[in-house]
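Residues take their numbers from the sequence shown, with the count starting at 1. Excluded from the calculations below are hydrogen atoms, water molecules and symmetry mates; all remaining heavy atoms, backbone and side chain alike, are included.
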Amino acid sequence: MSIQLQDLIEVMEILAALEGLAASILARLENKADVLAELVCASTAALLAREQNDLNGWIDQDDCFHRIIAKHSNARLEREIGLNLDQIHRAVRVLTRMNGAPVEADADHRALIDAISGGNENAASEIAQAHRLNALQALKSVFERSGVSQL
């Protein structure tokens, strides 16, 4: 399935809203040790992959991080987030290879983990949404510079 720029924009905006909701749900959890451990593991693996210039590894671990958030929210959100991630996976992989792994993603992930850990629903939601929307701007820029109409 090919992705046009407008498709990417729409899906990333949807993901921003859905992942914001999912992150706020995680922040409300009473027992979140398991989810925090999974998020730290994926975030650390992504950081190590980026430091080793393993772009495919970074892309996989970043995807894993976002799927962990969805998995621990609720079944319906997990399904919707997963469907949207699946729709843009190839385009994100291609665009990230063209531009490199964003360094700011590591800090965003850490801040999101901290907000979830601290039970701060609003911060968790805002960080998750801003993270997706910032990623959208970066991917949109690469897409536009590439000169292609679809990926």
field: With sequence neighbours excluded, residues passing salt bridge (Lys or Arg N to Asp or Glu O under 4.0 Å) with Arg28
entry: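 Salt bridge (Lys or Arg N to Asp or Glu O under 4.0 Å) check on Arg28 returns Glu121.
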
How many angstroms lie between [atom1] in [X] and [atom2] in [Y], if you round to the nearest 0.5 Å?
| X | Y | atom1 | atom2 | answer |
| --- | --- | --- | --- | --- |
| Asp62 | Leu47 | CG | CG | 12.0 Å |
| Ile127 | Glu19 | CD1 | CD | 13.5 Å |
| Asp106 | Trp58 | CG | CH2 | 7.5 Å |
| Arg132 | Leu139 | CZ | CG | 8.5 Å |

Are any non-hydrogen side-chain atoms of [X] and [Y] less than 4.5 angstrom apart?
| X | Y | value |
| --- | --- | --- |
| Leu8 | Leu95 | yes |
| Ile3 | Val11 | no |
| Ile81 | Leu85 | yes |

Partners of [X] by side chain to side chain contact (heavy atoms under 4.5 Å, CB included), sequence neighbours excluded?
| X | answer |
| --- | --- |
| Asp86 | Arg67 |
| Glu144 | Leu5, Lys140 |
| Ser2 | Arg90, Gln150 |

- prompt: What ring-ring contact (aromatic ring centres under 6.0 Å, His included) pairs are there with at least one residue in residues 131-151, not counting sequence neighbours?
  reply: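 Those involving residues 131-151 are His66-His131, His109-His131.
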
message: Under the ring-ring contact (aromatic ring centres under 6.0 Å, His included) definition, can you give me all pairs with a residue in residues 22-56, not counting sequence neighbours?
response: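 Residue pairs with at least one partner in residues 22-56: there are none.
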
Say whether [X] and [Y] are linked into one hydrophobic cluster, either directly or through other cluster members, by side-chain heavy-atom distances under 4.5 angstrom.
| X | Y | value |
| --- | --- | --- |
| Ile69 | Leu18 | no |
| Ile9 | Leu151 | yes |
| Leu112 | Leu133 | no |
| Ile68 | Leu83 | no |
| Val148 | Ile88 | yes |

message: Checking the side chain of Ser141 only, and the main-chain atoms of Ala138 only, is there a donor and an acceptor separated by less than 3.5 Å?
response: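 Not confirmed, Ser141 side chain does not pair with Ala138 backbone.
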
message: Please check this pair: side chain of Asn134 against backbone of Ala130, looking for a donor-acceptor N/O pair closer than 3.5 Å.
response: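 Yes, the answer is positive, given that a donor and an acceptor are paired below the 3.5 Å cut-off.
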
message: Please list all pairs meeting side-chain hydrogen bond (donor to acceptor under 3.5 Å, both in side chains) that have one or both residues in residues 9-18, counting only residues at least two apart or in different chains.
response: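 Every pair satisfying side-chain hydrogen bond (donor to acceptor under 3.5 Å, both in side chains) with a residue in residues 9-18: Gln6-Glu10.
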
I'd like to check the side-chain hydrogen bond (donor to acceptor under 3.5 Å, both in side chains) partners of [X]; sequence neighbours left out, ordered by chain and number.
| X | answer |
| --- | --- |
| Asp114 | Arg110 |
| Arg93 | Asn56, Asp60, His89 |
| Asn74 | none |

Can I get a per-line list of side-chain donor-acceptor pairs under 3.5 Å for residues 33-46, giving both atom names and the distance, sequence neighbours left out?
residue: Glu38; atom: OE1; partner: Lys71; partner atom: NZ; Å: 2.8
residue: Glu38; atom: OE2; partner: His72; partner atom: NE2; Å: 3.0
residue: Thr44; atom: OG1; partner: Val40; partner atom: O; Å: 2.8

For a quick test of your reading: what N or O donor-acceptor pairs under 3.5 Å do the side chains of residues 20-27 make, sequence neighbours left out?
residue: Ser24; atom: OG; partner: Leu21; partner atom: O; Å: 2.7

query: Looking only at heavy atoms, what is the nearest atom pair of Leu55 and Thr96, with distance?
result: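 Smallest interatomic distance, heavy atoms only, reads CD2-O, 3.5 Å.
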
